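Reviewing the structure listed below.
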2 protein chains.
Amino acid sequence: MSSSLSPVLKKSLSIQLGLPMDRLEEFLCICVFEKLGKNQLVYPGKRCFDRLYFIVDGAVRTFYYTDMGEEISYLLQVNGDFFGDYESFITGQKSRFTIQVMVDSEFFYFTKSSLLTLVNREAFWLGFKSRIADLAFLDAKERINELLFYNPEKRYLNLLTKNPEIVQKIPQKYLSSYLGITPQSLSRIRKRLAAGAD
Amino acid sequence: MSSSLSPVLKKSLSIQLGLPMDRLEEFLCICVFEKLGKNQLVYPGKRCFDRLYFIVDGAVRTFYYTDMGEEISYLLQVNGDFFGDYESFITGQKSRFTIQVMVDSEFFYFTKSSLLTLVNREAFWLGFKSRIADLAFLDAKERINELLFYNPEKRYLNLLTKNPEIVQKIPQKYLSSYLGITPQSLSRIRKRLAAGAD
DNA sequence: CTGACTAATTAACAATGGTTAACGCGGTAT
DNA sequence: ATACCGCGTTAACCATTGTTAATTAGTCAG
């Protein structure tokens, strides 16, 4: 699918993934482009999540159901983010997550088996695989910091500054779940902030 | 340092790291054994944390200082855990963390450069490096779940059941920081639980 | 346009955590 | 012994969140 991405996007992917352009092209050859409409589910079904997605343009929500059938929004992501269940991707176990497309979106994805094909072909790709793991780790760590060191109000403010797009694109009930609070609390926080910003 | 570990420990390391015994021996050749006493700092100084440690026996606390000079306990770990600043290890940037030995402890560690030596010698070790990244990710993800889905009381209970050793070995002020609450709150939670357990 | 459904807000009350301050306990140094 | 210090606990008060329920706003299909 190498041809469907803009040169600008390729350049930034090259940096993000730590791949020189020729390697990036090689990588994109194993990738599959996909368009999904709002509210569609990415790779639905309770099975192993054997692929990783990149958001060319759009927004997704990764969630799962608690024992009581309640939805918990684990991640919210927009343009330029990778998503998928990396744990399931690594371990090969069934994923508990469902991923929902929040606005009409464009993605590409690659499967574990196609990545392993690259790895088997040339040791170079093992280093790339390792980098993917590192990126997933760094994301996860940032999320820990966020949850551990900031209260809900600060978390909301951080989201507003770091990712205003998400606040625009994603309904509040999902935002609140992502922030680890109830919709009512988010509503109150927004009211407080609006009052304080006179 | 291959000879200093018990066969039992080697066996469990072999599983944990996904290395057959002969490869494990090879790996242990790049490792350095180290004993540190209570309250000593592991690899002190504000520089890049270019090594990863394994706790043979003991307990450590990973913390850092906020802008206001307040200590925040990021991680508490005991026997069988790996620690270090994996982010610094990956990126080569200076670490913000300090790691304190909580009880007299025995570790071994390996440096990034010695790991890269293995990787350069044989492509096999690239897969191992990747596995380390995966393990770091899975740990981080578990911590996110913990913080996102459970309130402080439940987090304390989880710690009690999953890691009673930590609750024994680590002073409460660090436990509370790890749980993301104040020492007073932890004290109240313990009181609530003691009252409820009649 | 209307009705029906969902989302967001608001209110009232309870539960919980943060803050500040005081107290007691167990070490340690003098 | 005593004075001190760090630690854990407790208390009182305040701020924030959760819970439940009602209301309002918004969306979509017909």
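Chain identifiers are assigned alphabetically (A, B, ...) following the order of the sequence lines, protein sequences preceding nucleic acid strands; residue numbering begins at 1 within each chain. Not measured: the values here are computed from a predicted model.
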**Prompt:** How close or far is atom C1' of dG18(D) from atom CD1 of I72(A), stated in whole angstroms?
**Reply:** 14 Å
**Item:** Spacing between E153(B) atom CD and dG18(D) atom C1', to the nearest angstrom
**Value:** 14 Å
**Prompt:** When the distance from CG of N39(A) to P of dT27(D) is rounded to whole Å, what number comes out?
**Reply:** 14 Å
**Prompt:** OP1, OP2 of dA11(C) versus side-chain N and O of K191(A): anything below 4.0 Å?
**Reply:** yes
**Member of Y53(A), Y43(A), Y109(A) meeting the side chain to side chain donor-acceptor pair (under 3.5 Å) criterion with E34(A)** = Y53(A)
**Asked** For dT9(D), does OP1 or OP2 lie under 4.0 Å from any side-chain N or O of K173(B)?
**Response** no
**Message:** If you go through the side-chain atoms of Q184(A), does one of them form a donor-acceptor pair with the base of dT9(C) closer than 3.5 Å?
**Reply:** no
**Asked** Near K35(A) NZ, under 6.0 Å, is it more than 12 heavy atoms from other residues, nucleotides or ligands?
**Response** no
**Prompt:** Is the distance from OP1 or OP2 of dG18(D) to the nearest side-chain N or O of T182(A) less than 4.0 Å?
**Reply:** yes
**Fill in**
From CE of M102(A) across to P of dT6(C) the rounded distance in Å is 16 Å
**Asked** Using 30° and 60° as the class limits, which term best fits the ring planes of F110(B) and F128(B): parallel, tilted or perpendicular?
**Response** tilted
**Prompt:** Rounded to the Å, how far apart are L148(A) CG and dG17(C) P?
**Reply:** 15 Å
**Asked** Rounding to a whole Å, what distance do you find between K154(A):NZ and dA15(D):C1'?
**Response** 18 Å
**Request:** Please work out if P183(B) contacts a base, only the sugar-phosphate, or nothing of the nucleic acid, heavy-atom cut-off 4.0 Å.
**Result:** nothing
**Prompt:** Starting at CG of L186(B) and ending at C1' of dT19(C), how long is that distance when rounded to a whole Å?
**Reply:** 16 Å
**Prompt:** Distance under 6.0 Å and angle within 45° of the ring axis: does R23(A) meet both against F124(A)?
**Reply:** yes
**Message:** How about NZ on K38(A), more than 12 heavy atoms from neighbouring residues, nucleotides or ligands closer than 6.0 Å, or not?
**Reply:** no
**Message:** Tell me the interatomic distance from R190(B), atom CZ, to dG17(C), atom P, rounded to whole angstroms.
**Reply:** 15 Å
**Item:** side-chain N/O S185(B) vs dG17(C) OP1/OP2, d < 4.0 Å
**Value:** no
**N/O donor-acceptor pair, side chain R188(B) with base dG8(D), under 3.5 angstrom** = no
**Asked** Is the phosphate of dG17(C), meaning OP1 or OP2, less than 4.0 Å from a side-chain N or O of R192(B)?
**Response** yes
**Asked** Is the shortest side-chain N/O distance from Q172(A) to OP1 or OP2 of dT9(C) below 4.0 Å?
**Response** yes
